[in-house]
Chemist: 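Sharing a structure, written as structure tokens. Questions coming.
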Amino acid sequence: MKYTILALLVIVIAFASAKSSLNNEFEFLLKGHVPASNSAVLGMYEAFLQKYKGKTFEVNHDMDRFMTFKANVERIIAHNSNPERTFDMGINHLSDLTQKERLAYYNLMDPQNCSATASKRRVYNAEAPDYFNWVDQDVVSPVKDQKSCGSCWTFSTTGAIESHYKINTGEEELFSEQELIDCPDAERYDTHGCKGGLPSYAFNFIKEVGLETENSYPYLARDSVCTYDAEELRVTTDGPFNITAGDEEQLKEELFNNGPVSVSFHVKEDFLDYTSGVYSVSDCPDTEQDVNHAVLAVGYGTTDDGMDYWIVKNSWSEVWGDEGFFKIERGVNMCAIAMCNSYPLNVRKV
Ligand SMILES: *[C@@H]1O[C@H](CO)[C@@H](O)[C@H](O)[C@H]1NC(C)=O
Ligand SMILES: *[C@@H]1O[C@H](CO)[C@@H](O)[C@H](O)[C@H]1NC(C)=O
């Protein structure tokens, strides 16, 4: 009996600490319920340094970064104090960088100029339900971390391939981003490694060449030379199915009937602070020329207040956002989320 209680206690504590984040620990401060005094923000910065840099605060070295951190915290508090907001902001691994530095970290400065042509529309008998999430079907692979490289498009691609592979074969496997960074011919596929690319082109490359696993061709987070080995090939596809630009109803139908979809959109500075809720802003660029980030739509739903949203997996690690995921408003082409979307057809082993 004693042991049972002890064991339960250990489980509860382990669970609580796994769940706890700086955003929970400093919730009152970040929501503006207690004043953001210098010492209060410094306390949070010390916890930030401990968690993300494994070091303690040194006045001589860290004062400039602390000022940047504090400016970010003040912006977050102002946002979280607005009762009209649809999403919350918080701190994450990049909260000591300026807005410009954070955009540069993920190479979000250059748009990708998406211009995919639509595939022939498919017709389905089953009507898509109001809520659906492929995470509940256990076919969404873990959140990865692209680190400082504009390789979002390779993670969006592998995320889609991994989910469709599990749906089609029942097997779990992780596939290689680095092969997509190193190997496609830039002219032919319009992919540029850490400087960007589009999942639809990557699906074409995989159709023609095939994709190795994460293990056989591991991620380096930088441009490197192609070392692909034809003996190691594991997966192929018949190429992309391109959703019609602007058609979020079709996106919903295709996602429900086939699996997660690689979607692109425009990341504005304030998106980088997202932690929960439905991301929705009034002044976001929304043409196909504006997309600068590719991710993976895995589901959709509607809030109690009636706001429709997409559920999306990002590639900025699990410490970012809502354990690596986010929700973004659906049905209004929020930040061009409707403009440049595709998924891989007939994913299978080679
Ligand atoms: C996108 O278009 C802009 C303006 O036309 C151009 O400057 C930029 O180089 C293009 N980017 C890519 C990745 O093609
Ligand atoms: C989908 O888009 C890609 C490039 O973005 C293109 O190569 C492919 O031909 C398109 N597929 C269809 C069926 O239009």
Side-chain angles (χ1 to χ4, degrees), residues 107-108 110-124 146 150-165 167-168 175-177 179-211 226 228 235-267 285-298 310 312 315 333 335-348 350:
N107 192 43
L108 294 162
D110 302 320
Q112 292 304 319
N113 305 340
C114 178
S115 61
T117 49
S119 297
K120 189 168 180 295
R121 186 172 288 274
R122 294 171 138 191
V123 181
Y124 300 100
Q146 72 185 77
S151 53
C152 59
W153 60 280
T154 68
F155 286 86
S156 172
T157 300
T158 56
I161 293 280
E162 286 157 8
S163 284
H164 285 256
Y165 187 81
I167 292 168
N168 295 351
F175 293 99
S176 173
E177 293 79 27
E179 180 185 332
L180 298 173
I181 292 176
D182 298 343
C183 299
D185 182 77
E187 291 262 309
R188 177 141 180 229
Y189 298 101
D190 200 17
T191 64
H192 308 277
C194 285
K195 294 212 172 54
L198 292 169
S200 53
Y201 293 121
F203 296 140
N204 275 332
F205 169 79
I206 296 169
K207 174 184 174 182
E208 276 151 46
V209 176
L211 191 62
C226 179
Y228 111 88
V235 71
T236 190
T237 164
D238 288 347
F241 181 93
N242 303 328
I243 313 271
T244 305
D247 193 340
E248 287 180 79
E249 268 309 305
Q250 189 192 20
L251 176 55
K252 175 181 164 185
E253 276 188 9
E254 293 294 343
L255 182 149
F256 170 68
N257 283 290
N258 290 289
V261 178
S262 287
V263 298
S264 303
F265 70 113
H266 180 88
V267 169
D286 65 1
T287 75
E288 68 261 45
Q289 301 299 310
D290 295 314
V291 301
N292 60 4
H293 191 42
V295 286
L296 187 71
V298 297
W310 298 110
V312 186
S315 51
N333 189 29
C335 300
I337 193 81
M339 300 313 283
C340 185
N341 306 326
S342 62
Y343 66 87
L345 291 162
N346 193 14
V347 172
R348 60 195 186 277
V350 173

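Counting starts at 1 for both ligands and their atoms, in listed order. These numbers come from a predicted model, not from an experiment.
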Chemist: Determine whether N292 and F265 satisfy the following criterion, side chain to side chain contact (heavy atoms under 4.5 Å, CB included), listing intermediate values before the conclusion.
Modeler: CA-CA 6 Å; N292 60 4; F265 70 113; 6.0 Å; no
Chemist: Can you pull out the closest protein heavy atom to atom 5 (O) of ligand 2? Residue, atom name and distance to 0.1 Å, please.
Modeler: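 Result for atom 5 (O) of ligand 2: S200 OG, 2.8 Å.
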Chemist: For the pair H164 and Y343, name the ring-plane relationship: parallel under 30°, tilted 30 to 60°, perpendicular over 60°.
Modeler: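 Rings of H164 and Y343: parallel, under 30°.
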Chemist: Considering only heavy atoms of Y201, which atoms of ligand 2 have at least one such atom less than 4.0 Å away?
Modeler: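 Near Y201, the atoms of ligand 2 are 4 (C), 5 (O).
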Chemist: Considering the heavy atoms of N242, write down every atom of ligand 2 situated less than 4.0 Å from one of them.
Modeler: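 In order of number, 1 (C), 2 (O), 3 (C), 8 (C), 10 (C), 11 (N), 12 (C), 14 (O).
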Chemist: In ligand 2, which numbered atoms sit nearer than 4.0 Å to a non-hydrogen atom of T117?
Modeler: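 The atoms of ligand 2 under 4.0 Å from a heavy atom of T117 are 1 (C), 10 (C), 12 (C), 14 (O).
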Chemist: Is NZ or CZ of R122 both nearer than 6.0 Å to the six-membered ring centre of F241 and within 45° of the ring axis?
Modeler: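 Verdict for F241: a cation-pi partner in R122.
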Chemist: Run the numbers for me: atoms of ligand 2, each under 4.0 Å from some heavy atom of N204, listed by number.
Modeler: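 Contacts of ligand 2 toward N204, numbered from 1: 6 (C), 7 (O).
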Chemist: Could you check L198 against D190 for side chain to side chain contact (heavy atoms under 4.5 Å, CB included), going step by step and ending with a plain yes or no?
Modeler: CA-CA 8 Å; L198 292 169; D190 200 17; 5.6 Å; no
Chemist: Would you check if there is a donor-acceptor pair between the side chains of N204 and R188 at a distance under 3.5 Å?
Modeler: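 R188 vs N204: no donor-acceptor pair found between side chains.
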Chemist: Counting only non-hydrogen atoms of the protein, does one fall under 4.0 Å from atom 9 (O) of ligand 2?
Modeler: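 Protein heavy atoms within 4.0 Å of atom 9 (O) of ligand 2 - there are none.
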Chemist: Among all protein heavy atoms in this structure, tell me which lies nearest to atom 13 (C) of ligand 2, with the distance rounded to 0.1 Å.
Modeler: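 That would be S119 OG, 3.4 Å.
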Chemist: Is the F205 ring parallel, tilted or perpendicular to the Y189 ring (thresholds 30°, 60°)?
Modeler: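 Answer is perpendicular, since the angle exceeds 60°.
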